[in-house]
Structure formats: C-alpha cells, structure tokens
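Read through the structure below, which is laid out as structure tokens, and then see the notes.
None of these values were measured; they are calculated from a predicted model. One-based numbering, in listed order, for ligands and for the atoms of each.
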Amino acid sequence: MYKSIIKVLLLIFISTSIYAQGGMWLPNTIKGSIEKDMHRLGMKLKAEDIYSTDQNSIKDAIVQFGGGCTAEIISPKGLLLTNHHCGYGNIQRLSTVENNLLKNGYWAKSFEEELPAKGLTVTFVDRIEDVSNAIMKGVSDNMDSKISQSIIDKNIDSLKKATAIEDYQVIEIKPFYYGNKYYMFIKTIYKDIRLVGVSPESLGKFGADTDNWMWPRHNGDFSIFRIYAGKDNLPAEYSKDNIPYTPKHYLPVSLDGVDENDFTMIFGFPGRTQEYLPASAVDQIANKLDPARIKIRKAALDVMEKHMRKDEATRLKYASKFAGIANYWKKWIGESQGINQVNAVKKKQEYEQEFKRIVAERKDFSKYRDILPKLDSLYNAYEKYNVAINSIYETFSRSNDFMRVMSYLNRLKKYYNNNGAAGYNKFKDRLLPYLNGMYKGLDITIDREVFEALIKNYKKSMSPEFVPKSLSNLSSDEDFAYFAKSIYNSPFTDYDKLKRIVDTTDIDWAIAQMDKDLAFNFAGEISKISDELVSPKTNELETKINSLQKKYMKAQMDVFPNNSFFPDANSTLRVTYGQVKGYHPRDAVYYEPVSHVNGIIEKYVPGDYEFDLPQEFLDIYHKRDFGNYTDKTGEVPVCFIATNHTTGGNSGSPTLDANGNLIGLNFDRVWEGTMSDLYYDPSICRNIMVDARYILFIIEKYGKAKRLIDEMKLVHPKR
Ligand code: ARG
Ligand code: ASP
C-alpha cells in the first residue's frame, strides 16, 4: 500500500514535472494559463501588452535581425539594439584595413555619420493567425504522408493568395507541433539599416572562444543600429533621403537592474529545438551524433589554431571562420555532457513508461500503442545514416572550403547535364561572386592540412561502405599526406585559374578541365556516396519519423492533458520567461547570477587575443567613472543569468522586467545547460544576458555617445 502510494506520487511528479518549466510560447497564445503562470512569477503586464493586433504592444518593438538573430527598438527614433556577434558580419563588411571598425569600434556622432549596412534587413511581425483548419482541410490521420503533404502545400498556396496584404508585407505559413498546427505570419521587412555604434572587439567579444558558452561571463556583446524608413515611415530601399523610423512601440530602459528571483521575460526568434524526441533519439544525438561531429571539428580547429598562433595575419583571416566552427563544437560537447549529467535519457524513459502505462489502460488510446516501439526502431535504423550524412557535411563542406568548392563544381556540371548552357550559366553567375569572396578568406595550405586530418578521421570513423575507394587504399600517414598533396595540386585551388576555366562560353571545354581534375573527381565520389547511398535512405527514414513524431506529439498532448506543451522553436516569434537565478554547476560550487566590471579586470591579460582591453577602458575603470550605472556593490554589473529557455536565434533578444522595461540583452547560455535544445532542466539551464546598465555605461563613458542615451527613455521601476 505504502509502496504503491509512493509510486503513484512519483509518477504524478514525473508526468507533471518533465515539462513544468521552460518553454517558448507564441505570443498570441499566452492569454490564459501561460499569462497566469507569468503573473505567478511576478509579471505585472497583461497578455495584450505583450501581443495585440488592436493596440500597440511590446511585439512592435521586436524584430528579426538579418537571418538569424533578434533585435529590439529602444528609442522613438528607431534605435536598434542587438548583439555584437549578430552585427559582426555587417561591421566586418564596413571595415577596411585603414578603418577597422571591428578592432577600433565606431560611434556615429550624428545621424549623418550612421553607416548603411548594405544587405541587412529587419523584420517585424505584424500579426499571427492560427490557420490550422484551413491548412489541414482535406487531410486525414491515416493518409499517406506524401499525399497529405501535397494537399497541405496546395492549401498553403491558396490561403496565401486569398490573404490581402500591403505590398511591403510578406506572408509566411509554418507548421507547429510537428504539423499538428499551422500559424500564419504577416510581416514587414525594413531594408535601410545603419550602424550607429559598436565597441571594439576587445570589449564586444571579450573572452571570445575561451569564455563562449560559459558562466561567469564579462562580455559586452552588443552593437547598435538604426532603422531608416521612407518619408511615409514605410520600408524603403536605402536612400540618403530616408528618415529614422518612428516605431509603434519602443522599450524603456531600466536603470534599476536585477536582483535574484526577479521576473524576466525574453522576446525573440529562437531557431530550433527538439524537445519532444523519444529517449532513443536523444541518446543517439548525445552519444553518437555529437561525438562524431565534435571529433571532426576538433581535428579542423587544431590545424587552424596551430597556424593562427604562428602568424597574426593568419589569425585575423581565420578568426571568424574559427569562431564559427568552434561555437557549435563547444556547444555539442556541453550538450552531450549535459544530457548524460542530468540523466535526460533515463528521465525520458521514465516519462515514456508512464505514457505507455496510461495508453495501455485506456481503450480510446489504443491507436497510440505502437508509436514508441515504432519510433525506437526507426531511430535505430536512422542512426547509421544520421551520423553519416552529418559526418559527410562536416568533413567535406563545413570545415573544408576547397572540398565545398569542388562539390559546387560537381553541381555546376550536373546543371549543365540537366539544363544545358542556361542551367550552367544561371548557377555560375551566382557561384562566382560567392567564391570570389570565399577565396579571399582562404589559406590553401591550412585548408589542405585540414583536409588531410579530416580524411584520416573519416576513414577511421566511418562505416566502410561510405568510404570511397581512393581513401580505403590509404593507410600510413605518408599515404594520406601524399593523397592530400595530389588533391590540392589542382588549378581550382586558385580563384583566378578557377574563374578562367569556369567563366567561359565553351562549356564543354570547361567540363573537360573539371573531368580530368583529381579534386573534382574525389568530390564527385563523395557526392555519389552521399546522393546514392546515404541521402535516399536518410530521406525515407526522416519522412517516416516525422509522420510518427507528429502522431507522438498529439498523443502526448492527449495522454497528459495537464502538461503544457509549447511548440518547438522554428525561427518564429516567441516569449519565454523565468527568474534571475544562480546555480550549482557541480558539487560544492555555487555560481552567483550577476557579474561585475571588476571581473573584467580580473580576467584582463595584456596583449592576449581574447582577454586584452583598450587603454581607455582601463582608464575609465581606474578613475571609477561609472556614472549612475553601478549597483549595490558599487561596481557596474556586466552580465547576469536567469532561467529563461532560449536557443540560437535568441541572440540579441531583449530581457524585459515585470513591467516590460529593458533590463538586459540575451546572448548565450551556460555550459552545463546547453542541452536545453533537447531537454530543459530548470536546475542548471540558464541564459546569459548583458546588463542594460553595462550597455549604457559603455555607450556613455567609452563611446562618448550621450546623444544616444538622450534618445532613450530611462526609468526607475524599483523606486
Ligand atoms: N555561443 C553564442 C551563440 O551561439 C555566441 C556565439 C558567438 N561567439 C563565438 N565565439 N563564436 O551563438
Ligand atoms: N548565442 C546564441 C545565438 O547566437 C544564443 C544561444 O544559443 O543561447 O543566438
């Protein structure tokens, strides 16, 4: 009796707690239970203050920045705040050797000095509608997934056509809950975005890769832009005559900062999560896929780092490439460790036991009985292909530039074979400008060494059926070195030579040059393995898995009606909320939730490429010229952490207090909690933000750009 009570309590605990925290909600769906939970944690706003189509609301101050980040408006003149690492590429493009904005920073002293960031756009979400019924009309549960998808595609098409929009708006319709629901987004895209202010890299990227994904953090990861509009305040192509955009809403900035347990809310565009996978799939990612990808990236990074340490010019050339590869290399290590540390697989298995128990008990759930066993066996079959497709991508594309180029040339030949000269030229005209830029950042010696290291790893790690003949014959280090040399002894390693061959009217001749090239043929072998042995099976299994995941999603919602299920992130606008909180990363260690400027000084290493500081910053610090940006410690707070559930894409998202004032700027997560994309654990998952007061401090004291602060509305909500 006693035992069974405990068992029941335990099961209730498991089934209600697994998704009890975390979650990224569509802002148009928070009215009701989510809003109530936000109030429970201290929020003072109403759901309508956050999202409304009848009145201006906070969502009118939030934009998607470029393709993959978030930004927010912080003044009535369209001033835009985002991360330093989000503006990085644009700032790099505005930089020259003589005028290196990345290195020196830049602070426009007037509107005239604000620099147009060509190609950069920001996107507002005007409204969101649940269009599930219209999209799923004519689709039934037991339909073949190809047939149902074609009906859905048709429905999407006709709804788009039937929906009236302005000519500056766009429509997007996306699946949620694995296609159990569909939402439509009406959006407005602004195209004249200008750089207003950015600190030097040494502050904006302080700690760089060593501190990346880590707490405690001291990185002022922010940059400032402005939206410009036509005279009618509507989107316009860049023009000198454009004017600063007048927003429907902008965020007041709080000078009062945060205390532990304060309510926080993040509003932004999280990219991708997979919170509803079965235990077997999570196990596969953490223990098979991540380790394979980590190994490949590590091999590439080691080669790059060796060269970067030797030579400053190389370091500059490879800094961005290195950071990009290192970012997810480090994330996957944290993810894989985190999954195992918190026993996520076991906890998911317990959840599945409970799911199965309830399903077995109820007749109306009998249709759900075979979902999990089937999913498990599908994922089991998928493992080999999942690891292979990702390893091929990581080895021959992501970390190796020359092989990526050669696979493009293979594609170019395919276009010629399939669509003749027109197909060839169309692809060529897109390819050459891209390659022109890419080769400028390429050091072919480093790339060859990366290739050599990666093919060794590839041969050793991959199942033999996916290893091309030319590699399976190699065994000694000399063999690999010789092979790499001969592959790189190709005219295509040089952009000018490549262009001379590819950019011709005699396409047959160009193809003949490719056909006799070793590198071209090797890339062809790899493409063949990928296209013929891996992709078909991968696609077939993924189609089956997705349609079962859709069923499993619906089943979980039916079986656990009291749990709240948020839709996985898919680069749409979401709200997530939590509280400022420290955490215990391991036994006997507690991390406080707020870091301060004195910590920057503690980490300072003169001359170091990650921890150096500008002299002006040191001067300000030693004069203690902190303005009114200090907290009770007498220091300026720099970063803080909270329990908000965020992911990639949330970078640049505003952190709001209980009243909707800006208190921080999201930019990262803590090492121990990077597995939150697969399994959110409230005890150790934390997001990392720059404190708004550090941002103001840098703008005023370092950037001497008081004019920007004068534009903002500074508030004291705690007084
Ligand atoms: N980890 C952060 C996010 O995923 C910041 C990345 C930028 N910094 C870097 N060192 N790569 O995207
Ligand atoms: N740093 C990430 C971003 O750039 C945020 C995260 O993954 O936590 O979006």
**Message:** With heavy-atom distances below 4.0 Å as the criterion, list the atoms of ligand 2 near F667.
**Reply:** 1 (N), 2 (C), 5 (C)
**Message:** Heavy-atom contact check, 4.0 Å cutoff: does H85 meet ligand 2?
**Reply:** yes
**Item:** Within-cut-off N or O pair, S651 and ligand 1, under 3.5 Å
**Value:** no
**Asked** Would you say I699 and Y694 make side-chain contact, with heavy atoms under 4.5 Å?
**Response** no
**Request:** Decide side chain to side chain contact (heavy atoms under 4.5 Å, CB included) for K205 and L102; before the verdict, give the C-alpha distance in whole Å, the side-chain angles of both, and the deciding distance to 0.1 Å.
**Result:** CA-CA 10 Å; K205 216 184 148 182; L102 278 181; over 6 Å; no
**Request:** Provide, to 0.1 Å, the distance between atom 10 (N) of ligand 1 and the closest protein heavy atom, together with that atom's residue and name.
**Result:** D209 OD1, 3.0 Å
**Message:** Counting only heavy atoms, tell me which of H645, K331, R669 gets closest to atom 8 (O) of ligand 2.
**Reply:** R669
**Message:** Testing the 3.5 Å rule here: is there a donor-acceptor pair between the side chains of N650 and N666?
**Reply:** no
**Message:** Just by distance, no angles: are the side chains of Y88 and E201 close enough, under 3.5 Å, to form a donor-acceptor pair?
**Reply:** yes
**Prompt:** Any nitrogen or oxygen of G648, main chain or side chain, under 3.5 Å from a nitrogen or oxygen of ligand 2?
**Reply:** yes
**Request:** Run the salt-bridge test on D668 and R217 with the 4.0 Å N-O cut-off and return the result as yes or no.
**Result:** yes
**Message:** Over 60° means perpendicular and under 30° means parallel, so tell me whether F697 and Y629 are parallel, tilted or perpendicular.
**Reply:** perpendicular
**Prompt:** Looking at F611, is K603 sitting on its ring face, NZ or CZ under 6.0 Å from the six-membered ring centre and within 45 degrees of the normal?
**Reply:** no
**Prompt:** At a 4.0 Å cut-off, with the gap strictly under it, does some heavy atom of W213 reach an atom of ligand 2?
**Reply:** yes
**Request:** May I ask you to identify the nearest protein heavy atom to atom 9 (C) of ligand 1, giving residue, atom name and distance to one decimal place in Å?
**Result:** N212 ND2, 3.6 Å
**Complete:** the protein heavy atom lying closest to atom 7 (C) of ligand 1 turns out to be H85 CG, 3.7 Å
**Asked** Heavy-atom distance under 4.5 Å between the side chains of F269 and S571, does that happen here?
**Response** no
**Of R669, R272, Q274, the residue whose pairing with D677 passes side-chain hydrogen bond (donor to acceptor under 3.5 Å, both in side chains)** = R669
**Prompt:** Among protein heavy atoms, which sits nearest to atom 6 (C) of ligand 1, and what does the distance come to when rounded to 0.1 Å?
**Reply:** N327 OD1, 3.5 Å
**Closest approach of any protein heavy atom to atom 11 (N) of ligand 1, naming residue and atom** = A323 O, 3.3 Å
**Asked** How far is atom 2 (C) of ligand 1 from its nearest protein heavy atom, and which residue and atom name does that atom have?
**Response** D668 OD1, 3.2 Å
**Request:** Pick whichever of S651, G649, P270 has a heavy atom sitting closest to atom 4 (O) of ligand 2.
**Result:** S651
**Prompt:** How does T647 reach ligand 2, if at all, at less than 4.0 Å between non-hydrogen atoms: by side chain, backbone, both, or neither?
**Reply:** backbone
**Asked** With a 4.0 Å cut-off on heavy atoms, is F667 touching ligand 1?
**Response** yes
**Complete:** In ligand 2, the atoms that come under 4.0 Å of a heavy atom of N650 are 9 (O)
**Prompt:** Are D302 and K306 close enough for a salt bridge, meaning some N to O gap below 4.0 Å?
**Reply:** no
